[in-house]
Amino acid sequence: MKLVDMSVKSYLDVLASDAPAPGGGSVSALSAAQGAALVAMVCNLTIPKEKYSEHRDLCIRVKDDILSIYDELVIGIDKDTEAFNKVSAAFKLPKETDEQKAARSKAIQEATITATEVPYETMELCMEGLAVTERIVGKSNPNASSDLGVAALNLLAGLKGAYLNVKINLPSIKDESKAARFAGAEAMVTRAEKTAEKIYKDVLAAL
């Protein structure tokens with residue numbers, strides 16, 4: 001069964017067990033997906049209300065954008081665990097002969113690169129999500145404004161959590177040209193922190 005098809009309690013029970021996956025990567029994607037879902041909720045609480053009609057068109061566009069991000073983040077919950085499992089499987093390959101050792105090493109490298117790409121993609125989605133969230137701060141139903149602050153916190157948590165998963169895998173990638181693809185991860189964290197902090201402060205000031 002996919003993680004996203006589990007009940008919340010079942011998922012948390014698996015997470016709390018001694019199984020190595022799901023782990024931080026899946027949790028990061030889930031956290032970010034919750035943030036994106038909250039933004040969609042705020043849009044849904046704004047769009048039909050006549051008193052907020054001046055924000056309707058913007059919220060419709062934001063809803064479309066955030067739901068696209070949400071869909072990808074939901075996929076990422078299972079995608080991260082699948083990537084981890086591939087790394088684990090690669091390490092279990094036989095290594096008795098030189099040919100087996102070479103095949104095992106190649107498989108480990110390929111799986112590790114995938115296991116780095118997945119959380120990096122989560123980071124990119126979180127960054128997009130924060131930018132989308134910022135667009136409706138102060139331009140949506142004020143009764144749900146606090147939810148935008150919570151959304152920003154969840155998106156930031158997802159991004160920073162995913163960064164840890166990128167960071168831990170990088171030293172294991174031997175191909176420098178492939179490792180270079182993830183060079184912007186640290187700068188992304190800095191940008192995300194600034195955006196999330198601005199959203200949070202603006203929301204807080206309006207309460």
Side-chain angles (χ1 to χ4, degrees), residues 1-36 68-130 154-193 196:
M1 177 185 286
K2 284 185 173 292
L3 297 172
V4 294
D5 292 330
M6 291 180 172
S7 69
V8 173
K9 180 66 165 56
S10 295
Y11 170 80
L12 291 174
D13 285 344
V14 173
L15 190 63
S17 74
D18 61 359
S26 290
V27 169
S28 296
L30 174 58
S31 176
Q34 290 183 137
S68 177
I69 293 167
Y70 166 81
D71 288 341
E72 291 300 317
L73 287 167
V74 170
I75 291 171
I77 296 168
D78 277 288
K79 202 173 176 181
D80 194 275
T81 292
E82 290 162 3
F84 175 85
N85 289 338
K86 285 180 181 177
V87 173
S88 297
F91 272 100
K92 293 175 183 175
L93 290 172
K95 50 181 177 178
E96 301 301 320
T97 67
D98 288 342
E99 290 79 6
Q100 287 178 338
K101 289 177 182 177
R104 178 177 178 272
S105 180
K106 183 174 183 291
I108 289 172
Q109 280 301 295
E110 289 175 350
T112 301
I113 289 168
T114 299
T116 311
E117 287 173 342
V118 172
Y120 190 79
E121 288 169 4
T122 296
M123 291 182 69
E124 292 176 323
L125 289 165
C126 290
M127 196 73 243
E128 291 175 32
L130 284 166
N154 274 266
L155 286 161
L156 180 62
L159 187 146
K160 294 179 77 171
Y163 174 62
L164 294 177
N165 283 266
V166 171
K167 188 81 170 171
I168 198 170
N169 285 323
L170 277 177
S172 299
I173 300 177
K174 296 176 182 178
D175 188 327
E176 292 184 5
S177 64
K178 291 181 178 178
R181 157 158 161 59
F182 312 109
E186 187 173 355
M188 209 187 306
V189 171
T190 301
R191 293 200 309 275
E193 287 176 334

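When reading the values below, keep in mind they use all heavy atoms of this one structure, side chains included, and skip hydrogens, waters and symmetry mates. These numbers were taken from a predicted model, which means no experiment stands behind them.
- Judged as a salt bridge (Lys or Arg N to Asp or Glu O under 4.0 Å), the pairs with a partner in residues 71-80 (not counting sequence neighbours) are, in order, Lys79-Glu121.
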Quiz: residues 8-16 side-chain donor-acceptor pairs under 3.5 angstrom, not counting sequence neighbours:
residue: Lys9; atom: NZ; partner: Asp13; partner atom: OD1; Å: 3.1
residue: Lys9; atom: NZ; partner: Asp13; partner atom: OD2; Å: 3.0
residue: Ser10; atom: OG; partner: Ser7; partner atom: OG; Å: 2.9

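- Paired with Met1 under the rule side chain to side chain contact (heavy atoms under 4.5 Å, CB included), one option of Leu3, Asp5, Val4 passes, and it is Asp5.
- Applying the side-chain hydrogen bond (donor to acceptor under 3.5 Å, both in side chains) criterion to Thr81, with sequence neighbours excluded, gives Ser26.
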Name every donor-acceptor pair, under 3.5 Å, that has one atom in a side chain of residues 87-99 and the other anywhere in the protein, sequence neighbours excluded.
residue: Ser88; atom: OG; partner: Phe84; partner atom: O; Å: 3.3
residue: Thr97; atom: OG1; partner: Gln100; partner atom: N; Å: 3.0

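- Listed by chain and number, the residues in a side-chain contact (heavy atoms from CB on, under 4.5 Å) with Ser28 are Ala162 (sequence neighbours excluded).
- Shown here are the side-chain contact (heavy atoms from CB on, under 4.5 Å) partners of Asn165, two or more places apart in sequence or in another chain: Pro119.
- Residues forming a side-chain hydrogen bond (donor to acceptor under 3.5 Å, both in side chains) with Lys2 (at least two apart in sequence, or on another chain): none.
- Residue pairs meeting the ring pair (Phe, Tyr, Trp, His ring centres under 6.0 Å) criterion with at least one partner in residues 96-115, sequence neighbours excluded, are absent.
- Contact annotation: the side chain of Gln34 never approaches that of Leu73 to less than 4.5 Å [non-hydrogen atoms, C-beta and beyond].
- Partners of Glu117 by side-chain hydrogen bond (donor to acceptor under 3.5 Å, both in side chains), not counting sequence neighbours: none found.
- Not a single side-chain hydrogen bond (donor to acceptor under 3.5 Å, both in side chains) links Glu82 to another residue, sequence neighbours left out.
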Report, one line per pair, each donor and acceptor closer than 3.5 Å where one atom sits in a side chain of residues 172-187; sequence neighbours left out.
residue: Asp175; atom: OD1; partner: Ser177; partner atom: N; Å: 3.0
residue: Asp175; atom: OD1; partner: Ser177; partner atom: OG; Å: 2.5
residue: Asp175; atom: OD1; partner: Lys178; partner atom: N; Å: 3.4

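- Residues Lys86 and Glu110 are not paired through a salt bridge, judged by the lack of any N-O separation under 4.0 Å between the basic side chain and the carboxylate.
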